[in-house]
**Q** 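Okay, handing you the structure first.
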Protein chains: 2
Amino acid sequence: MAIPRAARTQRRTRIQEEKEEIILEAALDVFSVSGFRGSTIDQIAEVAGMSKPNLLYYFRTKEAMHRALIDRVLFTWLEPLRAFDANGNPESEIRSYIRRKLEMARDFPRESRLFANEMLQGAPHVEDELRGPLKSLVDEKAEVIRAWAKAGKIAKCDPYHLIFSIWSTTQHYADFDVQVRAVLGQEHSGEGRFEDAARYLEKLFVDGLGIRQP
Amino acid sequence: MAIPRAARTQRRTRIQEEKEEIILEAALDVFSVSGFRGSTIDQIAEVAGMSKPNLLYYFRTKEAMHRALIDRVLFTWLEPLRAFDANGNPESEIRSYIRRKLEMARDFPRESRLFANEMLQGAPHVEDELRGPLKSLVDEKAEVIRAWAKAGKIAKCDPYHLIFSIWSTTQHYADFDVQVRAVLGQEHSGEGRFEDAARYLEKLFVDGLGIRQP
DNA sequence: TGTAATGTTTACCAATCGGTCAAATTATCT
DNA sequence: AGATAATTTGACCGATTGGTAAACATTACA
């Protein structure tokens, strides 16, 4: 008789690793568009190319699938902020943070939308992570920014709202992609819009924060 | 025999106006959190305090309810952009546009989330409105901004991405409200965060766009 | 006040939902 | 090869889904 994965103590099989990967990939497709409530196991099964009971062999509930997905995404999603370096100089740090976030919006839009969906629904599955690890990380980086302002390297500003504004402006190109394309029109809907956005946003923040160029 | 509303030609009854109002209010509650697919007529009926068939007497399908809601929201949601005046001076126009958008995020967060939900799902119900009326309005305002830049009143910048950045930074406080609260912590989660955001964003954009203060 | 139109509800439908079960199939290891 | 464990599937379950039919109640108006 088959023992459900979660109850097993042994190491994971090759098949397990492969199938779980396929499932999470499919789940990302579905959850990122329709949110948790709006998605169905059948949809995910179809995208994954396997039967519904087979999915449920690897993840015992829809929630477990969503949970595993969120955990994975949340970690990589914070990578750019973690890379934000206190020892670098403000201008290059902010420029590269914006670039990295924009690259993620371009290369991992589904991850961004999954997260956005969760936020819109009031973060029922990740509120703890927000108040815990996320807040800690942001607090730490906010302190760096505050120190820069104190040293006169950048203009005085609320570091939290600064971070929010970088998050929102960059993620916008993933979450509101349809709108961006529709407004820009077909002619400007190529991937070039990310370069345009990077140019505009870097200038906005560098000048907006009063960062003196050497 | 009762004739479904949509097929009727006569004027709307007092009861019709009242009940449709109640239904759309309840629908906004539900749709804005769970999106179209994730919401159920039963949920809306419960919030509205009436029976499911009674809802379906006023709106023949779930889609019709969503449609009516989107139409209404889309109009009022674009009000601040419509108010954006070519004859005003750049600084005060941009300042007040930011303020108005922030006020909407504060006072009508459900409307913002309804719209965000629709975007995340790829705008299956409103893509035409995006490509039509929305694009036209943005095109018109982008021309105004371009003229300001040409006249040297503001720095040269891509007017479309400028509009995107104002949209995203302000709507963020409605759509990602949970995250904002979690990161700011209880002490800064009062309504004061909207004032802080306004102060920060106005400075960011005024300085970032190189607008000379007289 | 009567009556026709409007509004509301109960009971119900077929389809889909998340999830279970046992049987069948495949992989692994000796 | 044979035994054992891991994987996959079809059939199925009760609950929920969007929506309907028709009886019933209320309102508006002559």
Side-chain angles (χ1 to χ4, degrees), chain A residues 1-24 26-27 29-31 33-70 121 124-125, chain B residues 1-24 26-27 29-31 33-70 121 124-125:
Chain A
M1 191 230 305
I3 301 167
R5 184 191 150 251
R8 233 180 299 133
T9 51
Q10 272 176 286
R11 239 170 47 75
R12 290 162 75 220
T13 310
R14 173 183 54 86
I15 294 182
Q16 276 169 38
E17 289 193 16
E18 288 173 7
K19 290 300 170 70
E20 285 174 13
E21 185 56 41
I22 292 175
I23 292 170
L24 288 181
D29 260 14
V30 177
F31 281 135
V33 169
S34 304
F36 182 76
R37 284 224 49 189
S39 303
T40 71
I41 302 182
D42 296 83
Q43 282 175 30
I44 299 170
E46 198 185 330
V47 174
M50 42 178 112
S51 67
K52 179 165 64 169
N54 203 0
L55 281 208
L56 291 163
Y57 171 73
Y58 292 101
F59 297 93
R60 292 194 303 189
T61 63
K62 183 178 157 186
E63 280 234 15
M65 283 180 37
H66 190 256
R67 176 93 241 164
L69 198 53
I70 287 269
Q121 283 157 37
H125 306 99
Chain B
M1 191 228 306
I3 299 167
R5 184 191 151 252
R8 232 180 297 132
T9 51
Q10 271 178 284
R11 235 169 48 75
R12 291 162 75 221
T13 311
R14 171 185 55 87
I15 294 181
Q16 275 169 39
E17 289 193 16
E18 288 173 8
K19 290 300 171 69
E20 286 175 12
E21 185 57 40
I22 291 174
I23 292 170
L24 288 182
D29 260 14
V30 177
F31 281 135
V33 169
S34 304
F36 182 74
R37 285 225 48 191
S39 303
T40 72
I41 303 183
D42 296 81
Q43 282 174 26
I44 299 170
E46 197 185 330
V47 173
M50 43 179 111
S51 67
K52 180 166 63 168
N54 202 2
L55 282 208
L56 291 163
Y57 172 73
Y58 292 100
F59 298 94
R60 292 194 301 187
T61 64
K62 183 178 156 184
E63 280 233 14
M65 283 179 39
H66 190 256
R67 176 94 241 162
L69 198 53
I70 286 270
Q121 283 156 39
H125 306 99

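Here is the naming used below: chain letters follow the sequence lines, and residue numbers restart at 1 for every chain.
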**Q** Are there any protein N/O atoms within less than 3.5 Å of an N/O atom in nucleotides 28-30 of chain C, and if so, which ones and at what distance?
**A**
unit_1, atom_1, unit_2, atom_2, d
C/dT28, OP1, A/R14, NH2, 3.2

**Q** Quick check on C/dT6: is either OP1 or OP2 less than 4.0 Å from any side-chain nitrogen or oxygen of B/Q16?
**A** no
**Q** Can you tell me how far C1' of C/dC21 sits from CZ of A/R60, to the nearest Å?
**A** 16 Å
**Q** Answer yes or no: does a side-chain N or O of A/N54 lie under 4.0 Å from OP1 or OP2 of D/dT7?
**A** no
**Q** If I take atom CD1 from residue B/I23 and atom CE from residue B/M50, how far apart are they, to the nearest 0.5 angstrom?
**A** 4.5 Å
**Q** Looking only at heavy atoms, which two atoms of B/L55 and B/A48 are closest? And how far apart?
**A** CD2-CB, 4.4 Å
**Q** Provide, to the nearest angstrom, the distance between the CD1 atom belonging to B/I22 and the P atom belonging to C/dG7.
**A** 13 Å
**Q** Can you tell me if B/S51 touches the phosphate of C/dT8, counting only side-chain N or O atoms and a distance under 4.0 Å to OP1 or OP2?
**A** no
**Q** If you look at every heavy atom in B/H66 and B/F36, which pair is closest and at what distance?
**A** CG-CD1, 3.5 Å
**Q** Let me confirm one number: the OG1-CD1 distance from B/T61 to B/I41, rounded to the nearest 0.5 Å.
**A** 7.5 Å
**Q** Quickly work out the B/M50 CE to C/dT10 C1' distance and round it to whole Å.
**A** 17 Å
**Q** Ignoring backbone atoms, establish whether B/Y57 has a side-chain N or O less than 4.0 Å from OP1 or OP2 of C/dT8.
**A** no
**Q** Can you check whether A/F31 reaches A/L24 side chain to side chain, under 4.5 Å on heavy atoms?
**A** no
**Q** Under 4.0 Å between a side-chain N or O of B/K19 and OP1 or OP2 of C/dT6?
**A** no
**Q** To the nearest 0.5 Å, tell me how far A/I70 CD1 sits from A/H125 NE2.
**A** 8.0 Å
**Q** Going through the checks in order, is the side-chain contact (heavy atoms from CB on, under 4.5 Å) test met by A/Y58 and A/M65?
**A** CA-CA 9 Å; A/Y58 292 101; A/M65 283 180 37; over 6 Å; no
**Q** Are any protein N/O atoms closer than 3.5 Å to N/O atoms in nucleotides 16-18 of chain C? If there are, list each pair with its distance.
**A**
unit_1, atom_1, unit_2, atom_2, d
C/dG18, OP1, A/S39, O, 3.2
C/dG18, OP1, A/K62, NZ, 3.1
C/dG18, OP2, A/I41, N, 3.0
C/dG18, N7, A/K52, NZ, 3.1

**Q** Does anything in residues 36-51 of chain B pair up under salt bridge (Lys or Arg N to Asp or Glu O under 4.0 Å), and if so which pairs, sequence neighbours excluded?
**A** B/D42-B/K52
**Q** Report the distance from atom CD of A/E17 to atom C1' of D/dT7, rounded to the nearest whole Å.
**A** 16 Å
**Q** Please determine if a side-chain N or O atom of B/Y58 lies less than 4.0 Å away from the OP1 or OP2 oxygen of C/dT8.
**A** yes
**Q** Yes or no on side-chain contact (heavy atoms from CB on, under 4.5 Å) for A/Y57 and A/K19, after CA distance, side-chain angles and deciding distance?
**A** CA-CA 10 Å; A/Y57 171 73; A/K19 290 300 170 70; over 6 Å; no
